[in-house]
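To keep things clear, I will list the structure first and then write my remarks on it.
Lettering follows sequence order; numbering is per chain, from 1.
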2 protein chains.
Amino acid sequence: MAVAVKERAKALRAAPAKVLKADVALPVNQILRGDCISEMRKLPDASIDMIFADPPYNLQLGGDLARPDGSHVDAVTNDWDKFSSFAVYDQFTREWLTEARRLLKPDGSIWVIGSYHNIFRVGTILQDLGFWILNDIIWRKANPMPNFKGTRFTNAHETLIWASKSEKSKYTFNYRAMKTLNDELQMRSDWVLPICSGPERLRRNGTKAHPTQKPEALLYRVMLATTNKGDVVLDPFFGTGTTGAVAKRLGRDWIGCEREDDYIEVAQERIELALPLDESSLVTMQSKRSAPKVAFGALVESGYLAPGTRLTAKKGRFTATVRADGSLQSDAEIGSIHGLGAKLQGAPSCNGWTFWHVEHEGEVKPIDSLRQLYLLAVED
Amino acid sequence: MAVAVKERAKALRAAPAKVLKADVALPVNQILRGDCISEMRKLPDASIDMIFADPPYNLQLGGDLARPDGSHVDAVTNDWDKFSSFAVYDQFTREWLTEARRLLKPDGSIWVIGSYHNIFRVGTILQDLGFWILNDIIWRKANPMPNFKGTRFTNAHETLIWASKSEKSKYTFNYRAMKTLNDELQMRSDWVLPICSGPERLRRNGTKAHPTQKPEALLYRVMLATTNKGDVVLDPFFGTGTTGAVAKRLGRDWIGCEREDDYIEVAQERIELALPLDESSLVTMQSKRSAPKVAFGALVESGYLAPGTRLTAKKGRFTATVRADGSLQSDAEIGSIHGLGAKLQGAPSCNGWTFWHVEHEGEVKPIDSLRQLYLLAVED
DNA sequence: GCGTTCCGTGAATCCATAA
DNA sequence: TTTATGGATTCACGGAACG
């Protein structure tokens, strides 16, 4: 395999270079092997249309973590994510963002993705360097990893910052494309996308090739929104080349920086196999809107149903009281609207929404009618 | 009306003050009129359980920027002044967060809400001051304002940072209450809630009383998750008193700082009208961690489980015998229900209560169910 | 072949308490 | 302060295994 990969790598490196005004060739559709800061220093000023960066997050993980079933959580323990202090991380961030800003065309823009570990440092430094933040985008993960110990809220999202080179930039934003992609509604700042798994996840010898591979759908939306066909996209932390693969599919040129040989090899093979999309296959990329689901607790905290309210069922045969956290209490039992309903009836299951009733304006109605009211208020 | 409000204000100010060890009375359930930094300076160290802050983020808006002391900052639009604006904002943020940290009890925590204009500055400074970020929470607005010009993504969320006073803090997190509130699924870091509108939105003379009034549902979830009944909650930017109203409803004490007389008046009237929930509906689902402990040996000596009983685990893959002292014996090993379970699986740890099963009336049940029976018998 | 069940796993700052 | 021990704790999805 190694030979075949090297052949392909050679072919990739021989890709036609773009010639700029300054007569400096831009090494387009190639992976630059090495540290991103020194590699970026070799590139000419104002030559890049868009930068997508997935820098190390500086996770600062503690000891091992086990799931409730005892299995081991495979954490990000790579050396490239280790920094001795915030000051060191800030210095690193300032350096690569300074180079990034130099490389951007005046109307270019940059995307950086991160988590609460690092994104506040990144955002602050972006602002300090003169970038102009356009949006912060929330990637709401459809299937995040749970919080196994029950100690915090499930960390179910990552944050992307989108910023132009300066306040004056006439940046690219394909408003119509985004609206079309979102069923004719304006694309919002929160994007629901699954994490990268299944056949899309790159593996070597059965184990994941990279610990933090991003889903192509994420890059697809980023590139479709903020670049045009033929633009040059730079990714300073190329990894296994998601940026390159999506750029090729969408007819954009790309440049990647990467230090690790293993990642480079995987990325080259992957991009070689990536095919430009035709119009018909674009359709399958559109994400469905998921049906709204309402937790009973949401009605309580939104004031649609006050804690202490009496609910009845089966014409008053059963009664229960709403508690502050959205649980129900009967004489002897506590449970969810579904669980308590089932328990009281001795039934295996119960739809609490239609089982429990509440008196509202002299009328006894199923609590499901409150859910409908809530949905009306929440939609749009 | 003004007279009635003043009467109520007087009554509020006469609320019983909590007396601390240091013999300094904490002005509980009162609004402190004045700049939050100077008002906070009057309060004693380590006296507050939780802080909720909705600080101003009046930068980059082309409008005025006021320094903490109220003096005016010239809003010139060149780069140099942009930096100076950030520096002023950072200084202000550092000052009030420093006071906030001093006031927090060692196990206290803080919430700060903001948007991309200021939240990166806030997060960075929180980290620099030694706060320990626990989650960043996305308030996903169900009904955001559209982007009228179609130049960016619809800004459809705000970000909250939840941080403990230090890395070592044993902060409050009511895991079970949150899980109950979310239909028995872990509460995630993205919260879908409507913006504050309709009858909840406070108005004076037909116009909204405050430009950024937060929905009570947001504070409800924050307080239910990270405080206990009787805790003291401080809000340095009290505005129209959403924090106070929800605190009163949920049986928490509160302190607010506010400079503007108009807001104070509206807030006092509002909190006066808020109804506290009664005790019983305030009770939330408790985690097992806070339940009384039962030694496995107690089940044996009480006859719930006879010595010699065979226990199984993982569908019969593991078996062990109960011994008279409450230890378990497998073929080659002896240990506690937890220790033996861990050893047999080669796992670092194991919850024996859910791991081991016993046949009882033809059904195979975890021995935890016996513990529940035992607890029922022992209670009362 | 098809439906069911089981198992693996993902950017994670992931325990509390007594001795 | 450190160490040992009890025992609390998970959601969605893909793919393999099974019947």
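Side-chain rings of W80(A) and F237(A) stay apart, their centers remaining 6.0 Å or farther from each other.
In this structure dT4(C) sits in the anti conformation; its chi angle is more than 90° from 0.
Within the structure, every side-chain polar atom (N or O) of K141(A) is placed at least 4.0 Å from both OP1 and OP2 of dA12(D). At dG7(D), one or more side-chain N or O atoms of H338(B) fall inside 4.0 Å of OP1 or OP2 (strictly under the cut-off).
Whole-Å rounding puts the K315(B) NZ to dC18(D) P distance at 15 Å. Regarding R289(B), its CZ atom lies at a distance of 10 Å from the C1' atom of dG7(D), rounded to whole Å. The distance from atom CZ of R67(A) to atom C1' of dG7(D) is 20 Å, rounded to the nearest whole Å.
N351(B) comes within contact range of at least one nucleobase, with a heavy-atom separation under 4.0 Å. Residue L185(B) is in sugar-phosphate contact alone, with no base atom involved, counting any heavy-atom pair closer than 4.0 Å across all strands shown.
Between K170(B) and M145(A), the one whose closest nucleotide on DNA chain C sits nearer the 5' end is M145(A).
Base pairing in DNA chain C yields stems of at least 3 consecutive Watson-Crick or G-U pairs, both distances under 3.5 Å, namely C:2-10 with D:11-19, C:15-19 with D:2-6.
Taking only side-chain atoms of D69(A), from C-beta outward, the nucleotide of dA8(D), dT10(D), dG14(D) with the closest atom is dT10(D).
Within residues 159-167 of chain B, no residue places a heavy atom under 4.0 Å from DNA chain C.
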> Given W132(B) and S166(B), is the side chain to side chain contact (heavy atoms under 4.5 Å, CB included) satisfied, shown in steps?
Replying inline: CA-CA 5 Å; W132(B) 190 246; S166(B) 78; 5.7 Å; no
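Boundaries of the chain A contact region on DNA chain C are dT9(C) to dC15(C), first to last in 5' to 3' order (nucleotide atom under 4.0 Å from a heavy atom).
We find that K105(B) and D231(B) are not joined by a salt bridge, their nearest charged nitrogen and carboxylate oxygen being 4.0 Å or further apart. A salt bridge between R259(A) and D79(A) is absent, with no side-chain N of the basic residue lying under 4.0 Å from a carboxylate O of the acidic one.
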